[in-house]
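Data block below; observations after.
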Amino acid sequence: MADVESTQPTTNGSENPPVEDGDDAETNEILLMKQRVEEMEREANKLRELQAAAEQASNSADESGGGQEAEDDKSLADTRSVYVGNVDYGATPEEIQGHFQACGTINRVTILCDKFTGHPKGYAYVEFSEPEHIDAAVALDNSLFRGRLIKVTAKRTNIPGFGRGRGRGRPGYRGGYRGYSGYSPYTRPRGRFASTAARASASTSATTASYPFSKTALLPTPSSQPTPALRDGKGIMRHLQESLYSPGKAEMIKTLFSRRSPKQLRVGSIISITSDQAPTVFNGVLIAIRRRGPDTSIRVRNILQRTGVEVQFFVNSPGLKEIKLLKPPPKGRMRRAKLFYLRDSPEKMSMLAAGKH
């Protein structure tokens, strides 16, 4: 009896396992569904691998040249952009674009806002299509936009970390105590030695250094003789003193405020002042006199509606018309009229307020 070798087909993982025909139709359907699910899983795994490879390739390309290209694009955009300061908080990009529309084609208008509140910060950036439009935009500096004078300058490219210091004081200085450097005998001299060294250095520099100014400068020659106007007594101060006074005011100042006049007003007198402005007539006690030539002024006090009022009048003012003496001070002179009428004789101030002198 010859041996008959039974050959069975080998099944690989990639090939579908054979489906045996059986009597049960449900078993065959389940096996077919399992085969389809395995095929779908294998295709999904292949798609994931291809997608991961594509993402890795794009990331490597961005790391190699994408960052530099972004920086270059930003620098180019800065070269054709302007900074606009003092912008109204209610301004819109359309209004800013309309303000700079005559300068050239505008690519973008950026209004900076606070990241916490979302409110505008008051400045914006305008990017043009060409760098040649920057000069026309800068010409709009100090122009009126929504009732404000805006500031327009060329935008500068920010360098990360430039100009930032870690400590207080000058930029780049970190602050803190640097330690004691110790005594050094070769320091700057002080006291008498310092003055001697300074004089010695000044003398040597004066002998060696050249004359720093131009020798062709036109210097005015000093006049030894006085001018005819000064000889005649027509100096500037005399001219002002003669021209600032009107004839009536000059006579009033000479009569009432000159120390040599027998009719001069003294502190403590009761006077009446008539002027064009309110109050048109003011009666009160003369508290102080300020003699300053054309700026001569007086201060008068009275009680109005139970309130002490002090008014200062300038004698040379066009509004002041007349000063009349109603009653001289007691005993001819009073040094502290304000204290006398407020403390010692308050009833006199009440009488003045009532119009009784």
Heavy-atom side-chain proximity of [X] to [Y] below 4.5 angstrom:
X: V87; Y: P120; value: no
X: V84; Y: H99; value: no
X: T296; Y: N316; value: no

What's the verdict on side chain to side chain contact (heavy atoms under 4.5 Å, CB included) for V281 and S272, showing C-alpha distance, side-chain angles and the deciding distance? CA-CA 7 Å; V281 179; S272 175; 3.8 Å; yes
Could you grab the distance from atom [atom1] of [X] to atom [atom2] of [Y], nearest 0.5 Å is fine?
X: L326; Y: I270; atom1: CG; atom2: CD1; result: 7.0 Å
X: T280; Y: I273; atom1: OG1; atom2: CD1; result: 12.0 Å
X: F128; Y: C103; atom1: CZ; atom2: SG; result: 5.0 Å
X: I106; Y: H133; atom1: CD1; atom2: NE2; result: 9.5 Å
X: K249; Y: I253; atom1: NZ; atom2: CD1; result: 8.0 Å
X: I30; Y: Q35; atom1: CD1; atom2: CD; result: 12.5 Å

Okay, side chain of [X], backbone of [Y]: is any donor-acceptor separation there less than 3.5 Å?
X: R299; Y: E310; value: no
X: D78; Y: K155; value: no
X: S258; Y: T255; value: no

Any carboxylate oxygen within less than 4.0 angstrom of a Lys/Arg side-chain nitrogen, looking at R80 and E127? yes
Please determine whether side chain to side chain contact (heavy atoms under 4.5 Å, CB included) holds for the pair F145 and N86, giving the CA-CA distance in whole Å, both sets of side-chain angles, and the decisive distance to 0.1 Å. CA-CA 9 Å; F145 176 69; N86 197 27; over 6 Å; no
Check the hydrophobic clustering (I, L, V, M, F, W, Y; side-chain heavy atoms under 4.5 Å; chains of links allowed) and say if [X] and [Y] are grouped together.
X: F314; Y: L265; result: no
X: I323; Y: F313; result: yes
X: V309; Y: L320; result: yes

Would you say [atom1] of [X] has more than 12 non-hydrogen atoms from neighbouring residues, nucleotides or ligands within 6.0 angstrom?
X: R108; atom1: CZ; answer: no
X: Q101; atom1: CD; answer: yes
X: K121; atom1: NZ; answer: yes

Knowing that exactly one of V152, T153, V138, V126 qualifies, which makes a side-chain contact (heavy atoms from CB on, under 4.5 Å) with Y83? T153
Whether the N45 and R42 side chains hold a donor-acceptor pair (N or O, under 3.5 Å, no angle test) is what I'd like checked.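 Short answer, no.
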Examine the side chains of N107 and S129 and answer whether a donor and an acceptor come within less than 3.5 Å of each other.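 No, no side-chain donor-acceptor contact under 3.5 Å.
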Shortest non-hydrogen contact from [X] to [Y]?
X: T92; Y: I111; answer: C-CD1, 4.0 Å
X: Q312; Y: S297; answer: NE2-OG, 3.1 Å
X: D295; Y: R290; answer: O-NH1, 3.3 Å
X: P329; Y: S269; answer: CD-OG, 3.0 Å
X: I134; Y: V82; answer: CD1-CG1, 3.6 Å
X: M252; Y: K321; answer: CE-O, 3.9 Å

Would Y123 and L112 count as a side chain to side chain contact (heavy atoms under 4.5 Å, CB included) if you check the C-alpha gap in whole Å, the side-chain angles of each, and the deciding distance to 0.1 Å? CA-CA 6 Å; Y123 61 92; L112 276 298; 3.6 Å; yes
Determine whether I298 and I289 satisfy the following criterion, side chain to side chain contact (heavy atoms under 4.5 Å, CB included), listing intermediate values before the conclusion. CA-CA 5 Å; I298 56 177; I289 301 176; 4.3 Å; yes
